[in-house]
Amino acid sequence: MSQDHSEKQSEQKEFHETRRGFLKQSTAMMALALTPPIVLKAAEKDEAIAALFEKVPVSMEINGKKQQLSVEPRTTLLDLLREQLALTGTKKGCDHGQCGACTVHINGMRVNSCLTLAVMQEGKKITTIEGLANGEELHPMQQAFIKHDGFQCGYCTPGQIMSAVACIREGHANSPEEIREFMSGNICRCGAYDNIVSAVLEVKQGGQKV
Amino acid sequence: MNPFSFVRANSPKAAIDAVSKGDNSRFIAGGTNLLDLMKNGVMQPEKLVDINNLPLKDIQLSKDKLHIGALALNSTVAADNQVKAQFPLLSQALLAGASQQLRNMATVGGNMMQRTRCSYFYDTAMPCNKRQPGSGCGAIGGVNRMHAIFGASDKCIAVHPSDMCVALVALDATVLVTGPKGERKIPFADFHRLPGDTPEKDNNLGKGELITAVEIPNNPYTKNIYYLKVRDRASYAFALVSVAAALELDGNVIKSARLAMGGVAHKPWRLAAAEQSLIGKTATEENFRVAATVAMENAKAYEHNSFKLQLAPNSIVTALLKATSV
Amino acid sequence: MRQDKNVGKPLDRVDGRLKVTGGAKYFADNHMEDLQHACLVCSTIASGRIKSIDTKAALHAPGVLDVVSHLNTAPAPGYKQPDGKARRQLRIFADDRIYANGQPVAIVVANTMERAVYAASLVKIQYEQEVHHTDMRANDKAAYQTDRMKDYVRGTTDAWKTAPVQLEASYSTPIEVHNPMELAGIIAKWDGPDNLTIWSKTQGVKNSQVALREIFQIPDQNIVVHSPFVGGGFGMALRIWPHEIATIIAAKKVGKPVKLVISRDQMFTMVGHRPAADQKIGIGATQDGQLVGITHEAIASTSTYEDFTEAITSMSRFMYACPNVNTRYKIVPINVCTPIWMRGPGEATGAFALESAIDELSYKLGMDPLALRVKNYAATDPEKNLPFSSNYLREAYEMGAAKIGWNNRPANPRALKEGDWFVGYGVSTGVFGAHRGKASAGAIFKSDGSLVVQSATTDIGPGTATAMVQIAADATGISPNHIQFQLGESTFPDAPEQGGSATVSTVGSAVHDVCQELKTKLLELATTHIPDFKNSTPENSTFENGYLVTAGDAGKMEISLSDILQKSNTPVLQVTTTSKAGDERKKYSMYSFSVHFAKVHVHASTGIVRIKHVVSVADSGTIVNSKTAASQMIGGVVGGIGMALTEEAVLDHRYGRYANNNFGDYHVPVHADTPPTDILFINKKDPVINPMGSKGMGEIALIGFAAAVSNAVYNATGKRVRDLPITPDKLI
């Protein structure tokens, strides 16, 4: 037997141990108890089946649409939106809650979707930038951002707009100074801040329902 | 992130049981710090127990105290009318921390549990006794501009990053805890630890113990208060130094005072001696300067943070002046 | 019935709707069948070589397809030199060398992002560590010059030392990181062995194409680069970086399309930065403020594997009328990624030193710093000995001074207070070459009256498509509503990368020229196919509101442009033109100028600086879009606030690792840091540079700004901060 072959065998062994160890500690413990041994054995070899065991069901409403989903516990809400649901309007700028590009509304409150797990959203209502406009008719904040040129590259813009809408709803848009403070969780590297303040002020003063 | 299992707890007992069982299980509430650390590989729990469904969100004012459930959101507490009226220092401190998005996620209990922002703690390729006991303190002899000037050890010079906790320690809060062995109360000042030889321990919670609430005794600090946060940018940054100042004034005479600092120690840093020095004095810059000098006894700086020896007392004086002039 | 001119108007961005609805597709927003996800494994030492890579655990983790490194892939063909020698560059996956912390050394491909990231954490690498240097100052004896950076002398060397009033001062600026909001990355897809398609974050689709052609040795036409939306660049996406090559190699190896989005900490270590610089200025003047001499010396950091140079000392040579100027510039190799031009590049670094020194000199002279600048105004370029194509600096000084209320500035520092806050005013000047490169544009005019103009430029934020539509509208007389400008595709007519403030000048000229060509063709069709217009000539005809109008013997005749196509049986009229500068560049010195004014508050006991008001004036020729141009200026000011007050990438030199490689600790300015900002434009056409008379603005928006703040802080407090950023600790 060549050395190569024996090395490969030991690798295989290690692989199976890893896989078993993984399944043992995985979320699927409950499911495992009910799973026929034949499937379990297959799971050790078949990645597609193994993947099922790693996922957890979760249901939530996204932009008005009820979704029954199955996600890995470690999947963040941001990655769920972007990678699995193709709602790519919400952006990843830092993945650590330090920039605001991923801002969405959960039950009406603005949050950083990069720092919350998808599995934690059971029964929640999520609104992303894609769900803000009323059909073809832009939300007043979207219109104001265009009018006041509240962006340049546009990458932080979905987060800025979601944050700006919430800022008014919270009652934190009563002066330019207050807007600047309460919008500080949304970084814009292009530096469109002055124009964003103008946009938020106009929507606030316009008195439209946001 | 490492793979982990996920459980939703529907009662405090179920949550405590679930966390007590595993070697490396954690509660998750807002997740704003835990997930951040997990993404960096600094923390790698095997199991997360979601406690967001527990009934611990209430804010109740009774005749002798304010009770805040551990799951009350930072933004909710900051905007609460009772808090704003009776405990404005807490509201100000909360609003000085993080961003509105994070305050909408972060809970009171989670804020207390947040870990240091020391670069060496966060970078798994550099030594840190807090992350990996025995590996050494990278900040000593390294980049330590943000680090402690009080209560540090030769094992760790990290600071606690919270603003909320600075107000809570100043206001003599109590932490309500429940765990495998039942309920207990911890004075806020005793909740967090100094690093000593065990910097890996941030606080005095036991295994499986869950923070259920924070209580603040009623106090006279409704008017002459100020939370000053000095930082490298105008918002959304951790403190170089922060000061929670509260005065009870009789005319221009100080009847009682509360002072605490953030960004200077491994725990929110109460300035008891400085408070004492103010009692019975008039509220003047000169007397504030004396209190600041008292506060700075035993301060020790490192290579890059000696400015804090000047900034901290200046900030104490500034905060007291602001508290007086409202 | 001549319609209003479009150039100059505040037209809303043509891509605004896409950007506010989440509809704009940046590279990472593309989904495709069988797309795999990648994560990089990066070095944790600053110098040395890889001893071993243990990929066992990673390969066995769920969903992992491969772990690619130099151990299991052939070097990219373009890395092989004909003479067998290794090219001096970072050759990813070609060898075991480590030049810096955070250098990509392996790439993990898996079927989900989470799995790729986790598996990457399982790759174990052993290194043989060598001595590293990350401290430029400690390593300054290693400074050297390249052919591109010769010493400059005009008049007498060090003549400032002979002047009656002298100043010598040193200034330092830290490493700054571009940190656009969009994370860098790429999707790479191979169709067969020789056909490559990428979606990537790049400021130059043609740049990327050329670089990939050389590295992978496949023909241009087999490489397609898509970059229609770029989430900011500020210079970092001006070249191909190793993470892109790594992903392309990995995609080929696994035989599936692969997507990589790098993390924010990796943005610090693998896509360039503004180098650290130490500068020394000697400056001397007569008692009445006439400059006698300037000496400007600088060292700046580069990597150990490439020479990076920029124009740090250039401004000192021509900004002021000064008979004696000498400059010297050297680079110091340190173990970090190679720098790359960051907005305002070297000029911004140099302007901080020069414009601080001018301010310092003004106090020595007891002279208003604005008056000192005006007194030494250079009416012609003293370096090139040529007239400026246009230069309205003196007007800019006047306009800005009036707007900020310069007459409120106290002559002496620490003289004005509002409550706890000291108040100060500062001014500075910025300047950047007004360039024009070579570019092509294509025009496609259809019989429905719609015009599509295409060019392989990009838009990192200034609003390129909007400006181009305005230029095309004025050039063709077609309404902007019927014009579309398309960019960001390597299949479009050739254009350079978006950088150096040259897009409007370069691509705008091509758009202008292709529109002229289109009109010529339309006129030809009309004269050939439509009897009424057989006598139409460029002299008797105009293009207005979508019509060809000819003044004939029987009065004015007009025909819609779409009718010309229909009547000539031409469904589509397509023309392409290449456009470039002529020899006017030999006769004139061409620069854009800016003047920045800042009013600051400095808190006396905590050292907190708050900028209360900014006025920036741009002399950048014709303003194509007054709305987007103002935004670009405001953005430069915000970048300047970062440079002045908050930004510094801090290295722990013991480990050669960044200690603040995230958005929480590396402080990009937030909303609350920024003041109300007034932008003023000279808005006078440069008569020479290009058909529009536009000089460019992206860089001058930032250049000089940091000095305006630093000068204002001195005016407020009497404290001169010569090392950026001006954080509170430096003022208490």
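Order of the sequence lines fixes the chain letters, A, B, ..., with proteins taken first and strands second; residue numbering starts at 1 for each chain.
- Using a 4.5 Å cut-off between heavy atoms, Ile146(A) touches chain C through backbone and side chain atoms alike.
- Both the backbone and the side chain of Pro669(C) come within contact range of chain A, each with at least one heavy atom under 4.5 Å from a heavy atom of that chain.
- A donor-acceptor pair under 3.5 Å links the side-chain atoms of Arg82(A) to the main chain of Ala28(C), judged by distance alone.
- With a threshold of 4.5 angstrom between heavy atoms, Val670(C) approaches chain A through its backbone and through its side chain.
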Asn195(A)/Ile634(C) under side-chain contact (heavy atoms from CB on, under 4.5 Å): CA gap, chis, key distance, verdict: CA-CA 9 Å; Asn195(A) 295 349; Ile634(C) 293 172; 3.7 Å; yes

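- Panel note: side chain Arg189(A), backbone Val668(C); no donor-acceptor pair is recorded below 3.5 Å.
- Distance OG/Ser163(A) to NE2/His671(C): 7.5 Å, rounded to 0.5 Å.
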Stepwise side-chain contact (heavy atoms from CB on, under 4.5 Å) test for Arg115(C) and Glu54(A): CA-CA 11 Å; Arg115(C) 289 168 167 194; Glu54(A) 295 162 26; 3.0 Å; yes

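- Counting heavy-atom pairs under 4.5 Å between each of Thr128(A), Thr76(A), Ile187(A) and chain C puts Ile187(A) at the top.
- With a threshold of 4.5 angstrom between heavy atoms, Ala86(A) approaches chain C through its backbone and through its side chain.
- A pairwise comparison of heavy atoms in Pro158(A) and Gly22(C) identifies CG-CA, 4.5 Å as the closest pair.
- Considering CE of Met181(C) and SG of Cys190(A), their distance stands at 9.0 Å, rounded to 0.5 Å.
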Identify all side-chain donor-acceptor contacts of residues 135-142 of chain A below 3.5 Å with residues at least two apart in sequence or on another chain.
residue: His139(A); atom: ND1; partner: Met141(A); partner atom: N; Å: 2.9
residue: Gln142(A); atom: OE1; partner: His139(A); partner atom: N; Å: 2.8
residue: Gln142(A); atom: NE2; partner: Val20(C); partner atom: O; Å: 2.8

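- Within the 4.5 angstrom heavy-atom criterion, no atom of Asp459(C) approaches chain A.
- Using modelled atom types and a 3.5 Å distance limit, the side chains of Asp149(A) and Thr628(C) yield no donor-acceptor pair.
- Between the side chain of Lys627(C) and the main chain of Lys147(A), a donor-acceptor pair closer than 3.5 Å is present.
- How far OH of Tyr193(A) is from OG1 of Thr677(C): 12.0 Å, rounded to the nearest 0.5 Å.
- By the 6.0 Å contact criterion, NZ on Lys25(C) is enclosed, its count of non-hydrogen atoms from other residues, nucleotides or ligands being greater than 12.
- Side-chain N/O atoms of Glu114(C) and Thr75(A) include a donor and acceptor closer than 3.5 Å.
- The heavy-atom pair separating Pro676(C) from Arg180(A) by the smallest distance is N-NH2, 3.8 Å.
- For the atom pair CZ (Phe151(A)) and CZ (Arg13(C)), the distance works out to 6.0 Å, reported to the nearest 0.5 Å.
- Remark: Glu83(A) engages Lys259(C) in a salt bridge (charged side-chain N to carboxylate O under 4.0 Å, His left out) (not counting sequence neighbours).
- Atom-to-atom distance recorded for Cys99(A):SG and Asn662(C):CG is 11.5 Å, nearest 0.5 angstrom.
- Atoms CZ and SG, from Phe234(C) and Cys153(A) in turn, are 6.0 Å apart once rounded to the nearest 0.5 Å.
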Evaluation steps, side-chain contact (heavy atoms from CB on, under 4.5 Å), between His96(A) and Phe663(C): CA-CA 8 Å; His96(A) 290 272; Phe663(C) 266 160; over 6 Å; no

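- Only the side chain of His37(C) comes within contact range of chain A, with heavy atoms under 4.5 Å apart.
- Below 30°, between 30° and 60°, or above 60°: for Tyr155(A) and Tyr26(C) the angle between ring planes is above 60°, a perpendicular geometry.
- Under a 3.5 Å cut-off, the side chain of Lys19(C) and the backbone N or O of Gln152(A) do form a donor-acceptor pair.
- Considering only heavy-atom pairs separated by less than 4.5 Å from chain C, the leading option among Glu130(A), Gln160(A), Lys91(A), Glu177(A) is Lys91(A).
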